[in-house]
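Written out below as structure tokens is the structure these notes cover.
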Number of protein chains: 2
Amino acid sequence: MATLGGLERSVMSLLWDSAESLSANDVRDRLGEDLAVTTVLTVLSRLERKEMVRRERSTRPHRYSATASREEHTVEMLNEVLGTAGDREAVLARFIGTIPDSEAAALRRLLQN
Amino acid sequence: MATLGGLERSVMSLLWDSAESLSANDVRDRLGEDLAVTTVLTVLSRLERKEMVRRERSTRPHRYSATASREEHTVEMLNEVLGTAGDREAVLARFIGTIPDSEAAALRRLLQN
DNA sequence: GGTGATTTCTACACGCTGTAGTAATGGTGT
DNA sequence: ACACCATTACTACAGCGTGTAGAAATCACC
């Protein structure tokens with residue numbers, strides 16, 4: 001469901017990498033590009049609508065943070081893709097053939113619960 | 001990279017499910033909706049540009065087929081998502097926690113090469 | 001209560017997708 | 001060779017999502 005544009009992705013990246021929540025100005029400052037704050041605010045609002053970002057409205061300025069960690073979000077995406085799969089096991093079988101050995105080994109360990 | 005619209009996805013689904021290649025008219029007939037052939041042709045051309053569809057130009061009518069199976073395509077998507085991941089192993093670790101036991105078991109078997 | 005920072009609202013361009021009409025092209029029968 | 005019909009290519013446009021930002025409203029503080 002959540003297909004992000006380039007700027008949206010950049011903003012999410014910042015939020016994911018930042019320990020604390022950020023204000024719109026923080027975000028603008030950390031983006032390399034030279035954007036108007038209103039632009040950043042628009043993007044943050046859209047991300048909030050997509051439920052990728054949570055906003056503290058009680059403070060002034062508002063502070064924004066990601067609703068899920070980058071890893072959680074990535075897993076959601078993986079499951080979304082798998083959901084379109086048809087034969088899930090066939091897909092997983094092929095998939096493990098495409099990942100590096102080190103990761104396959106890690107998976108093996110993890111599944112050896 | 002390949003984000004498909006609704007109609008595009010429907011067409012891909014047909015091509016994936018069909019053993020042989022299909023003409024534009026075949027596709028139109030198999031889609032439930034009542035579309036103009038030119039619409040279907042436009043969509044097929046766009047899918048060709050996205051390299052999701054191969055076209056036999058030597059025959060009349062042209063015949064279309066998917067360049068990759070649905071499973072191959074799904075695996076590509078999975079890898080694309082994983083590519084944005086940051087810590088891939090962390091993602092995989094979480095991921096296997098989210099899939100049904102039966103699939104985890106299948107994975108375990110597959111990794112026990 | 002005025003002022004500066006912050007947020008909201010409104011706007012617009014651009015690219016992608018769904019949709020199809022019109023123009024061009026190609027094979028086939030006579 | 002020509003005409004006709006099926007097929008394909010080209011062109012068009014509306015609607016939506018995204019990037020971008022100005023103008024208007026709001027808020028906190030002196």
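In what follows, chains are A, B, ... by sequence order, proteins preceding strands, each numbered from 1.
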Measure CG/Leu4(A) against C1'/dG17(D) and give the value in whole Å, please.
12 Å
May I ask you to decide whether Arg54(B) forms a salt bridge with Glu48(B), counting only side-chain N to carboxylate O separations under 4.0 Å?
no
Going by an N to O cut-off under 4.0 Å, is there a salt bridge joining Arg28(B) and Asp34(B)?
no
Between which nucleotides of DNA chain C, 5' to 3', does chain B make heavy-atom contacts below 4.0 Å?
dT17(C) to dG26(C)
Check Arg63(A) with Asp26(A), please: is the shortest side-chain N to carboxylate O separation under 4.0 Å?
yes
Less than 4.0 Å between a side-chain N and a carboxylate O, is that true for Asp17(A) and Arg70(A)?
yes
Rounded at 0.5 Å granularity, tell me how far CE in Met52(B) sits from CD in Glu8(B).
8.5 Å
Rounded to whole Å, please give me the gap between CZ in Arg28(B) and C1' in dA6(D).
12 Å
Taking atom types as modelled, find out whether Arg55(A) and Ser21(A) have a side-chain donor-acceptor pair closer than 3.5 angstrom.
no
Nucleic acid contacts of residues 29-67 of chain B, taken as heavy-atom distances under 4.0 Å to DNA chain C:
Leu35(B), Ala36(B), Thr38(B), Thr39(B), Thr42(B), Arg46(B), Lys50(B), Arg60(B)
At what distance, to the nearest 0.5 angstrom, does CZ of Phe95(B) lie from CG of Leu107(A)?
9.0 Å
Any salt bridge linking Glu72(B) with Arg94(A)? Criterion: basic side-chain nitrogen under 4.0 Å from a carboxylate oxygen.
yes
